[in-house]
Amino acid sequence: MKKIKKIMAMFLATVMACSLAACGTDGGTSTASTGSSSSTSTANSDDLIVVGFSQVGAESDWRMANTTSMEETFTEENGYKLIFADAQNKQDNQITAVRNFIQQEVDYIVIAPITETGWEAVLKEAQAAEIPVIIVDRMIEVNDESLYTCWVGSNFEEEGDKAVAWMEEYYDSSETLNIVHLQGEIGSSAQIGRSKALDASIEKNDNWNLVAKQTGEFTQAKGQEVMESVLNSGEDIDVVYCENDNMAFGAIEAIKAAGKKIGKDGDIQVISFDAAKEALKLVLSGEIVLCVECNPLHGPRVAELIEKLEAGKEVDKKTFVDETMFDSATFTEDELKERAY
Ligand code: AHR
């Protein structure tokens, strides 16, 4: 009965949201606006679906957009109560948060995992408590796939493949290409997939020379610090492969401070991942030559999975989000205006 009431509340909320505001699509999956609140569509707290969400932290523009997407989706108006826990980039904090969610007897646990490994024990506890676990954004590596219900996120290796295919096309294969590789959080799917693609291409292309490879932990400050030290070493650099926008922002600061020109006709080209609005402004100005999209708007995608599970329907074990890339040679102001985050 409680389940039926919850589904009704969610259905009403969706109808209200769609009629009051815009219902649109993004990245190949449906999105529902949650912007308008209405007392008539607010469910009693008893009827709300309680979702405990363990978020990585606030390390990047992408992460902030992801948090906003979750918060705007899992509202009381939409039939949910969201318990949000920021892990501040520490897996121990995530595990503690999941244990708290189990104690609180939430209806669903949603985890955006920092790293792929280390999840078995706590997921067994969630399974014993019969709480479905949805993994979002990065992936986890477990021996027993039944420890989580489903996953939705990006194909990080494919993102990397897109970037290196662009590089292979763009750069002259008869000249040495000196590459600086700024990696993300080591052990995260985003780092593993994007690094794997570049590693394979360096192996394949004899003229590609790896000048430096170091983590910038997905933050602007660390990206800048690492880039400064690479520039100080005096090595020749042609391209910086930054595994997210914020590290690219830091690298650009460092390159400019070193008196070097960036961009297609400059000394150094910067390639980035995520394609948050601030980065796309730099694609438009040419400071980032290529930005591969990683879509953070997972709130409606997770809600869609929960709605199906509540209705007793099957869900796909893994759902990959459609993504594109933006080349500074073709990117337009109109595309920038359309960007939602
Ligand atoms: O897991 C997605 C990655 O995590 C994004 O590329 C990065 O910006 C974020 O911190």
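Start at 1 and go down the list; that is how both ligands and their atoms are numbered. Start at 1 with the first residue, then count along the sequence.
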For [atom], which protein heavy atom lies nearest, and how many Å away is it?
atom                    : answer
atom 3 (C) of ligand 1  : Arg138 NH2, 3.8 Å
atom 10 (O) of ligand 1 : Glu59 OE2, 2.3 Å
atom 8 (O) of ligand 1  : Asp274 OD2, 2.6 Å
atom 2 (C) of ligand 1  : Asp137 OD1, 3.3 Å

Rounded distance (nearest 0.5 Å) linking atom NZ of Lys81 with atom CD of Gln104: 7.5 Å
Any N or O of Arg63 closer than 3.5 Å to N or O of ligand 1: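 Such a contact does occur with ligand 1.
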Nearest non-hydrogen partners of Thr115 and Trp119, listed with the distance: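 Closest pair (atom of Thr115, atom of Trp119, distance): O-NE1, 2.9 Å.
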For Val211 against Asn178, the heavy-atom pair lying closest together: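 Closest pair (atom of Val211, atom of Asn178, distance): CG2-CB, 3.6 Å.
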Centroid-centroid under 6.0 Å between Tyr241 and Trp208 rings: no
Ser60: numbered ligand 1 atoms lying under 4.0 Å from its heavy atoms: 7 (C), 8 (O), 9 (C), 10 (O)
Test: Lys162 cationic atom under 6.0 Å from Phe273 six-membered ring centre, within 45° of axis: no
Thr215 (side chain) donor-acceptor with Gly184 (main chain) under 3.5 angstrom: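 Side chain of Thr215 to backbone of Gly184, a donor-acceptor pair under 3.5 Å: yes, one is there.
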Ligand 1 contact by Arg194, heavy-atom criterion under 4.0 angstrom: yes
